[in-house]
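FYI, side chains are in, hydrogens and waters are out, and symmetry mates aren't considered; it's all heavy atoms of this structure. Just so you know, ligand 1 is whichever comes first in the structure, and atom 1 is the first atom listed for that ligand. These figures come from a predicted structure and were not determined experimentally.
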Amino acid sequence: MQPAINLLVVGECGDGKSTLIDALRDKSRSSQPLCGKSPHGVTKNVMVYPCSVCGEPAFSLVDTPGVGDHGVTTADLVNQIEHALLHQDLSGGIRGVLVTTPVPDGRIRLGAQVVRTIVDKGFLAVNGHDKFANVILVGTKTDKADEEEKKNFMHGLDGQPSVQEVFFQNCTIPNPLCVMVSREDYSPLFAAIRQLPALAIQYRQPPQEVLSQALAETLGTGIQQMQDVVESQRVEMEKMRQEALQEKERQAQEAKISQERMRQLETQAAERRKLEREEQQRHDQEMQEAREVAACRQVLHRQECQSPRNLHLAQCDGCMQFPICGPRFKCTLCPDYDLCYSCFRSELHGHIMLKVHKGIACDGCLEPLLGRRYMCTVCIDFSSSYDLCHECFSDNGHHHKMLEVHQGMVCDGCGQRPILGERFECMRCSDFSLCQSCQRRGVHSHHEMHLAIEPLAVLPCRIQ
Ligand SMILES: [Zn+2]
Ligand SMILES: [Zn+2]
Ligand SMILES: [Zn+2]
Ligand SMILES: [Zn+2]
Ligand SMILES: [Zn+2]
Ligand SMILES: [Zn+2]
């Protein structure tokens, strides 16, 4: 890949610098400020304007706006140039310096004079190139210049040295890069850019006395005065360097924080997705359960229609109720000993009592079903069901999902009768039951609920 062509533009307010940048920069791309702010509140960003001109290699114009745009001082100009040249963030460095000066002026302005001095004292000749090989003197506003002024700029009038000769007086190469451009035509500049050496400018800040001396000579001022100027410039330069460092640190810090934040957001998003997935799974599972319960209920309803399952032609041996309504329990020891639900609950009898499932036989052991009844959610056909007793269910089970049928038990949440699947009982309210779906919805969440095991027996310690 070709190294980037970064061109530093140096000039003063009103000498065509801004017009040139504005004409060449790629307006579809925003400029990239590379540096922070000065302590005086003046933005001293180094601005990089990418330029793409049809048929020309892409290049960028580097500008230090806000410096010396108004009431330009020598110190400002030196800063402007040094700041960009010593800036470490431009990949490929600075390949050329464009010095703008209006052709109609007929002389080189302060900015151009300062640049000349800095090139002379600070640029390093690399690979045998002249120090001025990377400098292009750009005569602007050529359209406003007459023939004499143009001649004065390029070749000189009446044996006098031309503007470019004065500018390049310390240059050793025969044809230094000097072009005249106008608003309408920048093509001579592109030709000059193509002739720039491939190497970036190497710059070493000249010692304070050397620069003061040279500037005093160039500008024709007192040496003491120029020493003060350079002194203050160096202080300002150091300040800018520190600011740039701080800014870089601040940006790195910010990047770290935003990275951290991104990671947090990603984690949160992942957690949210996980919760959503779980919620979806829960929902699917509930829907599936609801379908199973509905299918079983239909069969139970038809069985109920054929013969009421909660009406038993037997007498309760506790309260003498006849016939027993609701769940009926049978003693496993005493022949023909029955209890109704409320007598069973009050634990009147000391033997193991099992619930009677009227008219239902276990499809495993083929015995009349006593105790806990499990019903297949799949093997159902109109009014016939596939049922297992607790023993057969726990011994061999069944290859389909089975639901426990809590014969005679009503859900106090939704009224489901009988409760299918898991049944929950309130620890505080007497005889308060919920089906698994009502329990999940928290229908009775103000009291503690517990999973109720269908009454199989009274506590063993009560057995005589
Ligand atoms: Zn009774
Ligand atoms: Zn008994
Ligand atoms: Zn069985
Ligand atoms: Zn089945
Ligand atoms: Zn319910
Ligand atoms: Zn309760």
Side-chain angles (χ1 to χ4, degrees), residues 286-301 314-319 324 328-340 343-344 346-356 360-364 369-371 373-389 392-393 395-426 429 431-445 447 449-452 454-464:
E286 277 173 30
M287 292 304 285
Q288 174 65 18
E289 272 173 16
R291 276 193 296 274
E292 290 162 359
V293 166
C296 289
R297 282 190 63 182
Q298 251 182 1
V299 176
L300 289 169
H301 177 71
Q315 188 168 39
C316 172
D317 291 299
C319 62
I324 294 175
R328 167 189 170 194
F329 297 86
K330 207 168 175 47
C331 180
T332 51
L333 292 176
C334 312
D336 205 18
Y337 186 90
D338 298 278
L339 286 181
C340 69
C343 291
F344 172 82
S346 57
E347 300 171 6
L348 279 177
H349 193 59
H351 295 151
I352 293 175
M353 307 282 300
L354 292 179
K355 193 185 255 182
V356 174
I360 303 294
C362 170
D363 288 299
L369 216 148
L370 283 174
R373 171 189 177 188
Y374 299 86
M375 178 179 182
C376 178
T377 56
V378 181
C379 305
I380 40 185
D381 181 20
F382 194 67
S383 66
S384 79
S385 53
Y386 180 91
D387 301 278
L388 287 180
C389 70
C392 293
F393 179 73
D395 282 358
N396 299 313
H398 181 58
H399 56 286
H400 289 142
K401 182 168 177 195
M402 300 196 82
L403 291 176
E404 186 171 356
V405 181
H406 300 271
Q407 190 62 45
M409 305 304 291
V410 188
C411 171
D412 291 298
C414 64
Q416 182 188 118
R417 175 205 296 266
I419 292 175
L420 291 170
E422 287 176 329
R423 181 174 75 91
F424 294 85
E425 230 170 32
C426 179
C429 308
D431 201 13
F432 185 94
S433 297
L434 287 183
C435 69
Q436 57 194 23
S437 143
C438 288
Q439 167 66 9
R440 244 196 319 260
R441 288 206 309 274
V443 165
H444 195 67
S445 56
H447 282 160
M449 303 289 292
H450 73 105
L451 183 64
E454 186 70 12
L456 274 176
V458 291
L459 295 171
C461 61
R462 302 280 179 98
I463 298 174
Q464 312 286 305

Ionic contact status for Arg440 with Glu289, cut-off 4.0 Å: yes

Would you say NE2 of His400 has more than 12 non-hydrogen atoms from neighbouring residues, nucleotides or ligands within 6.0 angstrom? yes

Quick one: angle Cys438 SG - the Zn ion (ligand 5) - Cys435 SG, to the nearest 10°? 100°

Do you see an N/O/S atom of His399, backbone or side chain, under 2.8 Å from the Zn ion (ligand 4)? no

Test of ring centre spacing under 6.0 Å for Phe393 and His398: no

Taking the Zn ion (ligand 5) as the vertex, measure the angle between atom SG in Cys414 and atom SG in Cys411; round to 10°. 110°

Tell me the closest heavy-atom pair linking Leu339 and Cys316, and the distance in Å. CA-SG, 3.8 Å

Please list, in chain and residue-number order, the protein N/O/S atoms closer than 2.8 Å to the Zn ion (ligand 2). Cys331 SG, Cys334 SG, His349 NE2, His351 ND1

Looking only at the aromatic ring of each residue, does the gap between the centers of His450 and Phe424 stay below 6.0 angstrom? no

Quick one: angle Cys376 SG - the Zn ion (ligand 4) - Cys379 SG, to the nearest 10°? 110°

Taken to the nearest 0.5 Å, the spacing of Ile352 CD1 from Cys334 SG works out to 11.5 Å

Which is the closest N/O/S atom of His398 when seen from the Zn ion (ligand 4)? NE2

The reported gap from CG in Leu403 to OG in Ser385 (rounded to nearest 0.5 angstrom) is 12.0 Å

Is any side-chain N of the basic residue among Glu404 and Arg373 closer than 4.0 Å to the acidic one's carboxylate O? no

Of the N, O or S atoms in His400, the one nearest the Zn ion (ligand 4): ND1

Quick check for you: to the nearest 0.5 Å, what is the distance between Asp338 atom CG and Gln315 atom CD? 9.5 Å

